[in-house]
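Here's the structure we're looking at; comments come further down.
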Number of protein chains: 2
Amino acid sequence: MVTAKQERLSEIVGVALRLAEDGGLAAVSLRAIAAEVGLTPMALYGYVRGKDDLLDRLVARLLSEVAAPDPALDWRDRLLACARAARGMAHRYPRTFPLLLTRPAVLPDAVRVVDPLYAALLDAGVPQEDVPGLERMFSTFVLGFAVSEVGGRFGTGGLDPAERRAGVDPADVPAHRRLGEVLDRPVDWDAEFEEGLRRLLGVVERAAHRE
Amino acid sequence: MVTAKQERLSEIVGVALRLAEDGGLAAVSLRAIAAEVGLTPMALYGYVRGKDDLLDRLVARLLSEVAAPDPALDWRDRLLACARAARGMAHRYPRTFPLLLTRPAVLPDAVRVVDPLYAALLDAGVPQEDVPGLERMFSTFVLGFAVSEVGGRFGTGGLDPAERRAGVDPADVPAHRRLGEVLDRPVDWDAEFEEGLRRLLGVVERAAHRE
DNA sequence: ACCTGAACACCGTTCAAGT
DNA sequence: ACCTGAACACCGTTCAAGT
């Protein structure tokens with residue numbers, strides 16, 4: 001049974017998510033949310049302990065949207081499905097997504113998302129004691145890549161590749177000179193993500209064979 | 001020659017860094033910095049374009065502290081040195097460090113830090129066109145791991161491993177049940193980071209041999 | 001039980017004014 | 001050139017009060 005209180009809370013979190021995507025995380029304020037749902041700012045404290053609690057619920061909302069992979073799939077395809085789902089969410093909620101990396105992977109929502117990854121690694125034949133660490137390596141890559149991509153770390157800051165190196169003495173960056181025009185090529189981010197996953201599946205396989 | 005203006009700017013960024021580490025990024029305000037350096041908040045606009053610009057300078061300050069690896073070292077040891085230096089900085093500046101992942105890897109400071117990584121990958125025999133992508137994979141792991149570690153994503157949120165799974169129906173997380181007590185063991189983060197690096201060196205080697 | 005109003009101690013930033 | 005003061009439009013949160 002869904003109470004009126006739960007429904008209002010869900011509306012509050014939904015408004016917070018929309019505000020974040022429309023105006024960035026800085027636009028998520030209790031006052032703005034209150035105005036949007038037709039309450040005074042203080043009334044929100046009946047639903048949420050404070051702003052930190054609200055942000056935790058925002059994280060929980062994102063995690064709740066991650067579908068578990070089809071258990072009939074090969075372990076490889078299950079890992080790939082999870083990774084692609086996470087990156088897809090980063091593209092859907094680019095401004096909220098970085099919270100996943102900064103805030104504690106707090107229970108129980110995170111536990112539910114991680115479980116299929118543990119299962120896939122176990123099914124791959126990874127020794128039990130290596131599973132948690134390998135899961136952290138895998139999810140660190142997936143989250144880190146997605147955050148870098150949508151957060152702009154991989155971007156050029158709106159500059160040409162050429163002007164990007166304008167402020168630097170070429171003598172200080174010899175390897176950039178060795179790479180030359182390779183650095184000016186446009187990047188296919190989908191392909192690079194998939195290539196990273198392919199390499200990580202190789203890592204998993206080798207961990208499974210104790211190399 | 002260092003002008004008085006440059007010195008004051010450097011002081012401003014230093015105060016910002018200290019405020020961030022003492023009270024978190026939320027404690028970094030133009031008004032607090034101004035009070036600390038003995039100016040009115042508006043006087044800061046003579047040194048900094050605004051708060052965003054200040055945060056960019058904070059990132060630049062961190063990047064300027066990353067020492068280039070000894071070029072006499074093997075490519076492997078150069079990659080390891082860079083990775084350990086980055087993680088060490090995360091431990092020194094745990095509250096400021098996450099900015100590195102969220103903000104654009106903006107020039108020219110970031111370029112100078114990346115150059116030794118490009119050099120190491122080239123010396124390893126990685127084909128030119130694979131170098132930038134492999135560098136992004138490597139630095140994504142290093143930054144992502146360090147941010148997760150100091151930011152608390154890898155942490156338990158202050159809860160016992162046991163109570164961590166209290167709010168979850170065991171039937172919903174079968175792989176957690178399969179792993180059992182393995183999940184309750186304490187983690188040696190140094191060892192896990194090194195293990196991740198070891199695995200990534202393997203990835204680099206295979207990229208160098210075109211596998 | 002659920003909500004409001006006023007208040008407190010903060011923000012970043014603009015603008016006009018001072019020396 | 002460098003800095004100040006006042007003002008504007010915001011914050012999160014506490015507390016006492018309303019219905």
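Every chain is numbered from 1 and lettered A, B, ... according to where its sequence line falls, protein lines coming before strand lines. Computed from heavy atoms alone, side chains included, the values below leave out hydrogens, waters and symmetry copies. Note that the structure is predicted; figures quoted are calculated from it, not measured.
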Between [Y] and [X], is the closest basic N to carboxylate O distance under 4.0 Å?
{"X": "B/Arg57", "Y": "B/Asp109", "value": "no"}
{"X": "B/Arg18", "Y": "B/Glu36", "value": "yes"}
{"X": "B/Glu181", "Y": "B/Arg185", "value": "yes"}

If only side-chain N and O atoms of [X] are considered, is one of them under 4.0 Å from the OP1 or OP2 phosphate oxygen of [N]?
{"X": "B/Lys5", "N": "D/dC2", "result": "yes"}
{"X": "B/Arg8", "N": "D/dC3", "result": "yes"}
{"X": "A/Tyr45", "N": "D/dT13", "result": "yes"}
{"X": "A/Thr40", "N": "C/dC3", "result": "no"}

Within this structure, what is the [atom1]-to-[atom2] distance between [X] and [N], rounded to whole angstrom?
{"X": "B/Leu44", "N": "D/dG5", "atom1": "CG", "atom2": "C1'", "result": "15 Å"}
{"X": "B/Leu39", "N": "C/dG18", "atom1": "CG", "atom2": "P", "result": "20 Å"}
{"X": "B/Leu30", "N": "D/dT4", "atom1": "CG", "atom2": "C1'", "result": "16 Å"}
{"X": "B/Ile33", "N": "C/dT13", "atom1": "CD1", "atom2": "P", "result": "11 Å"}
{"X": "B/Leu9", "N": "D/dA1", "atom1": "CG", "atom2": "C1'", "result": "17 Å"}
{"X": "B/Asp53", "N": "C/dT13", "atom1": "CG", "atom2": "P", "result": "10 Å"}
{"X": "A/Leu55", "N": "D/dG12", "atom1": "CG", "atom2": "C1'", "result": "12 Å"}

Which of these nucleotides, [options], is closest to any side-chain atom of [X]?
{"X": "A/Arg31", "options": "C/dC11, C/dT4, D/dC11", "result": "D/dC11"}
{"X": "B/Ala43", "options": "C/dC3, C/dG12, D/dC3", "result": "D/dC3"}
{"X": "B/Lys51", "options": "C/dT4, C/dT13, D/dT13", "result": "C/dT13"}
{"X": "B/Met42", "options": "D/dC3, C/dT4, C/dT14", "result": "C/dT14"}

Determine, stepwise, if the pair A/Thr3 / A/Arg8 fulfils side-chain hydrogen bond (donor to acceptor under 3.5 Å, both in side chains).
-> CA-CA 9 Å; A/Thr3 68; A/Arg8 187 95 98 155; over 6 Å; no

Taking the side chain as every heavy atom from C-beta outward, state whether A/Arg136 and B/Val187 have any atom pair closer than 4.5 Å.
->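 Counting from C-beta outward, A/Arg136 and B/Val187 do come under 4.5 Å.
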
Taking atom P in both D/dA9 and C/dA9, compute the distance separating them and give it to the nearest angstrom.
->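 Pairwise P distance, D/dA9 against C/dA9, rounds to 23 Å.
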
Does D/dA17 have a Watson-Crick or wobble partner in any strand here, with both distances under 3.5 angstrom, and which is it?
->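 In the structure as shown, D/dA17 has no Watson-Crick or wobble partner.
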
